[in-house]
> 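Quick one: the structure is below, questions incoming.
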Amino acid sequence: MKITKVKIYGFGKWHDKTFDFNQTNQVIFGLNEAGKSTLTAFILSMLFGFANAKKKYQQYLPKDSSTYGGELELLIDDDAYRLTRTQGKSGGKVSIVKSDDGMKVSSNKLHEWLNPVDENLYNQVFSFNQQALNQVFNLTNEDLNEYLTTMGAVGSQEWLELTKKIQKDADHVYKPAGRVTELNKEIALYNDLVNNINNAKQKFPEYVETQKRLDQNKKQIKALQTTQYNLTKDYQRYEQLKQNWSIYEQSIELTDKLKQTDEDAMISVDNYQQIQNLLEKQKINNERLKSINQSVIDEKENLAALNLINFYENNKVDFDILFDQLADNQQYLDKVILEQSSLNQLLTEQERLMMQYQNINGKVPIAFNPDDFKNIVALIKSEENNKRLLQEIEQKQLAKKQDILDLNQSIDQKNQVQKSKWSTQQSILVGVSVILFVLSMILPMPFKIVGLILDIMIVVYTIIVFKQSNSKDKSSSDALMQIQNKRQMITAEIDENQLKIGKLDEQLRQTDTELTDYQIQYVLDDFPKNQWFSIQNDLSRIQSITDQISQKSAEIKTLTDKIKNYLNQTDFADSFLALNKSDMADSLARIRGFNDKLQPLIAESQSIKNKMGYLNEQQKHEDNVTADISNQINEILTQYHLTSIEQFEKNYDLQKQFVQDKSKLNTINEQLPVEVRKNLARFETKESLDEQLDELTEQLKQLQNSIMNINQEIIDQQTLLRTLKAEGNYTELRQELAEKVTILSELADKWLTQKLTINWINEALKDSSGVRMPQMLQLANHYFELLTLGHFTQINNISGLLTVVSSDMVSFEVGELSQGTAEQLYIALRFALIMTINKSIELPLIIDDGFVNFDKNRKNAVLKLIREISKKVQIIYLTADDSGLTGFDNDKIIKL
């Protein structure tokens, strides 16, 4: 699977945005907050589904009204598809169409393409960033080795987490030196139980005797409790009488009090209700009078406000001019506000750009004019071409110089071999000839003749060898001549290339001089040449903003002057308008409000006068009603020989108290049955009733002490029985021992199962990883050597221990490596794993700025490795560092 295009409808900060991706290696450059992480999250969400509401901050809901979702164009097995995902249930609504004919494909196809990879596994294998590398380095030596050696088993991280959980559960069951784990505690209990069995037989007779005494005490307690029950019942009966004594006394007091009241002089309910109705009417009438009086005051104030009409009539011409020009000046003010807002935005943008581009002297670069722009483009392009040609020629020069050295070495070797070979042959032949000659002189016949013949033969052979040697020397001389001619030709080419180098150096110096002049002319001293063109839009924008600021400032001043001249025409009405001319908006609003207020005043004046007449009539009517109500109240008060409402209310409250006391007495009499009242009447005072209760209390106390003493004996006996029973008899303890053995067996089986499960998972992971590990290590060796610039040459996995070997043949465990080297080892193994499984699982690799701990050389090495593996796996590389972008083609870089 390869991603060829990303189209975002709405996702986080992105909306209505399209990115075209390269099929091999796509670089995405952007500073912090540029949206790189959001773009990565969008790609993963499109493949595996949107986050639900439980993961609120992973949803990236659009900030505007854009549709949530987007499209991915995918290339799968040379067929192009368009994947669309929008907001919906279960990760979003998905549709897939084939790009060439628009045929719709089942959404289940996406699962087939990704299978067996889910989002979690994708993040473990096909995506990593600096945070993931830091987590790898923070592992312990043992955990880091285990993580790297099982990397070949896809999804191994979940299995490793499972083994840790199972180990934790196993430790809760049993530890060799543990005390509080389940199995350890049960073993200790088992040992105690065995000791108790040995002592069981000795305590049984004491148990039987104690049980017999306990049964006797329980019978005695039962008899005492019967007596206690009867006494308690009597006590409760007298206690109930005591509780009723207070209401008994109240009934006597209330009876005496009610006899003193004359019921014939009481105020009737009808008269009381009549008084209450009259008082309510009086209250309502007073409220009406108060409201009428307030209305009269308000209308008088309103009538006083109508004095504005006289001033308006006296200055009608000036007011009409003022009101006629009001709408135009309001439009001027609205335009001033709009233009001022636009001006503020321009000033803010100008300040931002000036701060961004001004140098230490406060100067800002100048945008290129069109002619100079073309010249600078041509000069930079020429400079790049000349540098490239110069580099190519210098590389050729190095190769040709190496050829000269090789040819010189060949010439020296041939000369030396010829001389050495002929000198050796001459020495041997001459030596043999001399020896044979001497022997022929001293030996007798016929050996002398044989020696002379052999000597002659050697001389002849020497002559033949000399002729053959001369022939070979001639052939060797010809080959030597050819080498010398070739050397001469290469030397000539070197001289010719040296002239080209001098010419290119001169052209580069001339180009650099011209570019330096342009740099000074356009104040670009603080900007490298590779940024000149990228800032031209901003520099042009600065000039454009400056012109717009001048234009808008002039327009605002013109409009403001018109409004000020208009407001100067209001001096004649200053006492009524009270304008603050420095606040033009408030002044115009006051003029508009004054105009709106004048129009209804004339009609309102007559309406106020009519209303005041009506209010006066109402006031007279309510005064009459008040007098009538007062007369009716006085008649009722006179009937009961009273002079005020306060006396009337007081007498009626006393009457209500009489009714309450009478009702209370009836309630008390209902609470005291005749039998209770008779029993209470037997006691003259409450003290005599208390004496009877005290006597019963003493009897109960003595009885309770007896019960407590016997209960204490029972408790002691029960405690002794529980102690003896806790130690148990032989049969019970044997049964408990059998049950304890069963518990021990179950816990031991549980612990052993957990330990065997852990061993099985570890072996399975090693076997699964071992299938790919040889092929992975072969690739990882190459990648690791490249990433460490040859410092480490080999990765070994021996008996589950991962080690690396340096170029000087020193072996290191992974825990001994620096953070940067450990990260490079992790990256080498990760890349090797991806390349190993690429034939069966082909998905893009996403790298989000994962090399911050790398120095410049090793970072260049990892970028070179990315370019190498991108020939087989699509890589999406996101970075905020522009220093490494020069190694990538411009068509493979997206700048956010």
> How would you list, by chain and number, every residue that makes a side chain to side chain donor-acceptor pair (under 3.5 Å) with Glu383, sequence neighbours excluded?
Lys529

> Side chain to side chain contact (heavy atoms under 4.5 Å, CB included), that's the test. Do Leu114 and Leu843 meet it? Break it down for me.
CA-CA 8 Å; Leu114 295 173; Leu843 293 173; 3.8 Å; yes

> How long is the gap from CD1 on Ile875 to CG on Leu865, to the nearest 0.5 Å?
7.5 Å

> Could you pull out the closest heavy-atom pair between Ala780 and Ala832, with the gap in Å?
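In this case the closest contact between Ala780 and Ala832 is N-CB, 3.7 Å.
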
> Any Lys/Arg nitrogen of Lys381 or Glu384 sitting under 4.0 Å from an Asp/Glu carboxylate oxygen of the other?
no

> Between the side chain of Glu842 and the main-chain N/O of Gln874, is any donor-acceptor distance below 3.5 Å?
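No; zero donor-acceptor contacts below 3.5 Å.
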
> Report yes if the side chains of Ile847 and Leu878 come closer than 4.5 Å at any heavy-atom pair, otherwise no.
no

> Do Gln26 and Ile894 make a side-chain contact, defined as non-hydrogen atoms from C-beta onward lying under 4.5 Å apart?
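Of all side-chain heavy-atom pairs linking Ile894 with Gln26, at least one is under 4.5 Å.
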
> Got a second to check how far Gln23's CD is from Lys892's NZ, nearest 0.5 Å?
10.5 Å

> Thr803 and Ser811: which non-hydrogen atoms are nearest, and at how many Å?
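Here Thr803 and Ser811 meet closest at CB-OG, 3.8 Å.
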
> Assess the residue pair Ile876 and Leu845 against the criterion (side chain to side chain contact (heavy atoms under 4.5 Å, CB included)); give the C-alpha distance rounded to whole Å, side-chain angles, the decisive distance to 0.1 Å, and a yes or no.
CA-CA 6 Å; Ile876 301 172; Leu845 170 60; over 6 Å; no

> Is there a side-chain contact between Phe126 and Val873 (heavy atoms, below 4.5 Å)?
no

> Only distances under 3.5 Å count here; give the side-chain donor-acceptor pairs of residues 387-394 to other protein atoms, sequence neighbours excluded, each with its distance to 0.1 Å.
unit_1	atom_1	unit_2	atom_2	d
Arg388	NH1	Glu392	OE2	3.3

> Kindly write out the residues that satisfy salt bridge (Lys or Arg N to Asp or Glu O under 4.0 Å) with Glu514, not counting sequence neighbours, or none if the list is empty.
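In terms of salt bridge (Lys or Arg N to Asp or Glu O under 4.0 Å), with neighbours along the sequence ignored, Glu514 is linked to no residue.
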
> Do Gln543 and Asp547 have side-chain atoms, one donor and one acceptor, less than 3.5 Å apart?
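Their side chains do contain a donor-acceptor pair, which is all the 3.5 Å distance test asks for.
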
> In terms of side-chain heavy atoms, does His791 have a donor or acceptor partner in Gln824 at a distance below 3.5 Å?
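Result is no, nothing qualifies.
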
> Hey, what do you get for CE (Met481) to CD1 (Ile483), rounding to the nearest 0.5 Å?
11.0 Å

> Is there a donor-acceptor contact under 3.5 Å linking the side chains of Asp505 and Gln507?
no

> Which heavy atom of Phe42 sits nearest to which heavy atom of Leu72, and what is that distance?
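Scanning both residues completely, I find the closest heavy atoms to be CE2-CD2, 4.3 Å.
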
> Okay, side chain of Asn781, backbone of Ile795: is any donor-acceptor separation there less than 3.5 Å?
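Yes; judged by distance alone, with no hydrogens or angles, the pair exists.
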
> Would you say Ser553's side chain and Ser550's backbone share a donor-acceptor pair under 3.5 angstrom?
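Side chain of Ser553 to backbone of Ser550, a donor-acceptor pair under 3.5 Å: no, none is there.
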
> Classify the side-chain pair Ser818/Thr821 by whether it contains a donor and acceptor separated by less than 3.5 Å.
yes

> Just wondering, more than 12 heavy atoms not from Asn485 lying within 6.0 Å of its CG?
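For Asn485, atom CG is crowded (more than 12 foreign heavy atoms under 6.0 Å).
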
> Where do Thr38 and Gly12 come nearest, in terms of heavy atoms and distance?
CG2-CA, 4.3 Å

> Salt bridge (Lys or Arg N to Asp or Glu O under 4.0 Å) with Glu496: which residues, sequence neighbours excluded?
none

> Indicate yes or no: at least one non-hydrogen side-chain atom of Leu31 is less than 4.5 angstrom from one of Phe29.
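Leu31 vs Phe29: side chains touch.
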
> Please list, chain by chain and in numerical order, all residues satisfying side chain to side chain donor-acceptor pair (under 3.5 Å) with Arg487, sequence neighbours excluded.
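Result, side chain to side chain donor-acceptor pair (under 3.5 Å) vs Arg487: Asn408.
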
> Less than 4.5 Å apart, side chain to side chain, heavy atoms only: is that true for Ile545 and Leu347?
no

> Is it the case that the side chain of Asp889 and the backbone of Asp891 share a donor-acceptor pair, with hydrogens and angles ignored and the cut-off at 3.5 Å?
no

> For a 4.5 angstrom cut-off between non-hydrogen side-chain atoms, does Gln794 reach Asn796?
yes

> To the nearest 0.5 Å, how far apart are CD1 in Ile28 and CZ in Phe21?
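Taking CD1 in Ile28 and CZ in Phe21, the distance rounds to 4.0 Å.
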
> Considering only residues two or more places apart or on different chains, which pairs with a residue in residues 38-48 satisfy salt bridge (Lys or Arg N to Asp or Glu O under 4.0 Å)?
none

> Short question: side chain of Arg82, backbone of Val97 - any donor-acceptor pair under 3.5 Å?
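Flag not set: sc Arg82 to bb Val97 has no pair under 3.5 Å.
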
> List for me each residue that meets side chain to side chain contact (heavy atoms under 4.5 Å, CB included) alongside Leu789, sequence neighbours excluded, and say none if there are none.
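Per chain and number, Leu789 pairs via side chain to side chain contact (heavy atoms under 4.5 Å, CB included) with Asn857, Arg858, Ala861.
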
> Please indicate whether Asp78 has more than 12 foreign heavy atoms, meaning atoms of other residues, nucleotides or ligands, lying under 6.0 Å from its CG.
no

> With the side chain counted from C-beta on, respond yes when Ile535 and Leu524 share a heavy-atom pair under 4.5 Å apart, and no when they do not.
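SC-SC contact between Ile535 and Leu524 confirmed.
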
> Tell me, which pairs form a side chain to side chain donor-acceptor pair (under 3.5 Å) where one or both residues lie in residues 348-358, sequence neighbours left out?
Glu349-Arg541, Gln350-Thr546, Tyr357-Asp538

> Does atom CD (Gln551) have a neighbourhood of more than 12 heavy atoms from anything else shown, all under 6.0 Å?
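No, not enclosed.
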
> Could you tell me which residues satisfy salt bridge (Lys or Arg N to Asp or Glu O under 4.0 Å) with Asp881, sequence neighbours excluded, listed by chain and number?
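For Asp881, the residues satisfying salt bridge (Lys or Arg N to Asp or Glu O under 4.0 Å) (neighbours in sequence not counted) are Lys859.
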
> Output all residues satisfying side chain to side chain donor-acceptor pair (under 3.5 Å) with Tyr60, sequence neighbours left out; order by chain, then residue number.
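If we apply the side chain to side chain donor-acceptor pair (under 3.5 Å) test to Tyr60, skipping adjacent residues, there are no hits.
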
> Look only at the side chain of Ser45 and the backbone of Ala41, and say whether a donor-acceptor pair between them is shorter than 3.5 Å.
yes

> Can we call the ring centroids of Tyr9 and Trp14 under 6.0 Å apart?
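Ring-ring flag for Tyr9/Trp14: false, centres at least 6.0 Å apart.
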
> Could you work out, with side chain to side chain donor-acceptor pair (under 3.5 Å) as the rule, every residue matching Glu119, not counting sequence neighbours?
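With sequence neighbours excluded, Glu119 shows a side chain to side chain donor-acceptor pair (under 3.5 Å) to no residue whatsoever.
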
> Nearest 0.5 Å please: distance from the NZ atom of Lys400 over to the CD1 atom of Ile490.
6.5 Å

> Under the salt bridge (Lys or Arg N to Asp or Glu O under 4.0 Å) definition, can you give me all pairs with a residue in residues 1-28, not counting sequence neighbours?
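Residue pairs passing salt bridge (Lys or Arg N to Asp or Glu O under 4.0 Å), neighbours aside: Lys5-Asp20.
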
> What's the verdict on side chain to side chain donor-acceptor pair (under 3.5 Å) for Gln521 and Asp517, showing C-alpha distance, side-chain angles and the deciding distance?
CA-CA 6 Å; Gln521 177 183 350; Asp517 293 339; over 6 Å; no

> With rounding to the nearest 0.5 Å, note down the distance linking CG in Asn385 to CG in Leu504.
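The CG atom of Asn385 sits 10.5 Å away from the CG atom of Leu504.
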
> Tell me, with the steps shown, if Asp848 and Thr879 meet side chain to side chain contact (heavy atoms under 4.5 Å, CB included).
CA-CA 6 Å; Asp848 188 359; Thr879 180; over 6 Å; no

> Centres of the Phe368 and Tyr518 rings: under 6.0 Å?
no

> Any heavy-atom pair between the side chains of Phe373 and Val377 that's under 4.5 Å?
yes

> Mind checking whether Trp113 and Tyr81 have parallel, tilted or perpendicular rings, split at 30° and 60°?
tilted

> Within the distance-only criterion (no hydrogens, no angle test), does the side chain of Asn22 pair as donor or acceptor with the backbone N or O of Thr24 below 3.5 angstrom?
yes

> Carefully, step by step, assess Val805 and Phe812 under the rule side chain to side chain contact (heavy atoms under 4.5 Å, CB included).
CA-CA 6 Å; Val805 181; Phe812 297 88; over 6 Å; no

